[in-house]
Amino acid sequence: MLSREFYERPTLDVARDLLGKVFVRRIDNISLKGRIVEVEAYIGEDDPACHARFGQTNRNRVMYGRGGVAYIYFIYGMYDMLNYVTEPEGNAAAVLIRGIEPVEGIETMMQLRNCDNIANLTNGPGKICQAFSLDTSHSGTDLTGGEMLVTEGDDSGFEIATSSRIGIKNGTDRQWRFYIKGNAFVSRL
DNA sequence: GTCCTGATGTGCT
DNA sequence: GCACATCAGGACA
């Protein structure tokens, strides 16, 4: 599995390097696995789209902690979003997981999402949290522990595309979204 | 396929 | 009060 050192690096490097890696979540004796195909970086109090732009709050507290921890927040009164905290303690930064290609536990994911179309299962940040049964109670979970982790995957043989981040109004000048070119589970073009 | 709307918790400018 | 790192469903075409 990926170590603390992997996450406690500059966020843009972590974001790009996460593409092709495999997210694993264990629920009882079921494993849910998926390959990360789309991410976005949110970096520090100076990033006008980052939750840390107003300083530390209850909601964003774990972003200020050590890297290699899940930051999950609730938005639009309805959806949860999965992020991985990056950089050493004190630097508020994280990578949003926006697109995942299902690998294992697909039947369970479909039940959790009440969805019978694989193409629509995990191609978006809200969908990913439903498919992997994640909510804010999992925020702060260590990704180098056992319940949730990220492993090496097939992270060669694809091209990385870059764009502005999705769904934000400020900070669109920063090209901090990265995705695997041509992958079907990227949330949008 | 496109466009529009409603769902509604959290933190704020 | 209002914006917000979203999504599903309906009205079209």
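Nothing here was measured: the structure is a model prediction, and the numbers come from that model. By convention in this document, chain letters (A, B, ...) are assigned in the order of the sequence lines, proteins followed by strands, and residues within each chain are numbered from 1.
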Next item on the list: State which of dG11(B), dT6(C), dC4(C) makes the closest approach to the side chain of M81(A).
Entry: dT6(C)
Note to self: Is it true that, when you exclude D173(A) itself, more than 12 heavy atoms of the residues, nucleotides or ligands shown sit nearer than 6.0 Å to its CG?
What the structure shows: yes
Check: Among dA5(C), dG9(B), dT6(C), which nucleotide sits nearest the side chain of I166(A)?
Finding: dT6(C)
Next item on the list: Would you check if the side chain of N83(A) reaches a backbone N or O of Y71(A) as a donor-acceptor pair within less than 3.5 Å?
Entry: yes
Item checked: Watson-Crick or G-U wobble partner of dT2(B), both distances under 3.5 Å -> dA11(C)
Notebook entry, point to check: Taking the side chain of N120(A) as heavy atoms from C-beta outward, which of dT6(C), dA7(B), dA8(C) is closest to it?
Noted result: dA8(C)
Note to self: Does a side-chain N or O of R177(A) approach OP1 or OP2 of dA5(C) to a distance below 4.0 Å, or not?
What the structure shows: no
Next item on the list: Give the nucleotide from the list dT10(B), dT13(B), dA8(C) with an atom nearest to the side chain of F54(A).
Entry: dT13(B)
Notebook entry, point to check: Does a side-chain N or O from R113(A) land closer than 4.0 Å to OP1 or OP2 of dA8(C), or not?
Noted result: yes
Margin query: Heavy atoms from C-beta onward define the side chain here; which of dA7(B), dA5(C), dG11(B) lies closest to that of T57(A)?
Written below: dG11(B)
Checklist line | Geometric cation-pi criterion, R61(A) with Y64(A): 6.0 Å, 45° | finding: no
Note to self: Could you check whether S187(A) and E38(A), counting side-chain N and O atoms only, form a donor-acceptor pair closer than 3.5 Å?
What the structure shows: yes
Check: Taking for each residue the nucleotide of DNA chain B bearing the nearest heavy atom, is the 5' side occupied by R53(A) or by I75(A)?
Finding: I75(A)
Item checked: Nearest-nucleotide 5' precedence on DNA chain C, Q130(A) against I168(A) -> I168(A)
Check: Within the stacking criterion (centroid distance below 5.5 Å, interplanar angle below 30°), does Y79(A) stack on dT6(C)?
Finding: no
Note to self: Is there aromatic stacking of Y42(A) on dA5(C) here, judged by a ring-centre distance under 5.5 Å and a plane angle under 30°?
What the structure shows: yes
Checklist line | Any K169(A) side-chain nitrogen or oxygen under 4.0 Å from OP1 or OP2 of dA5(C) | finding: no
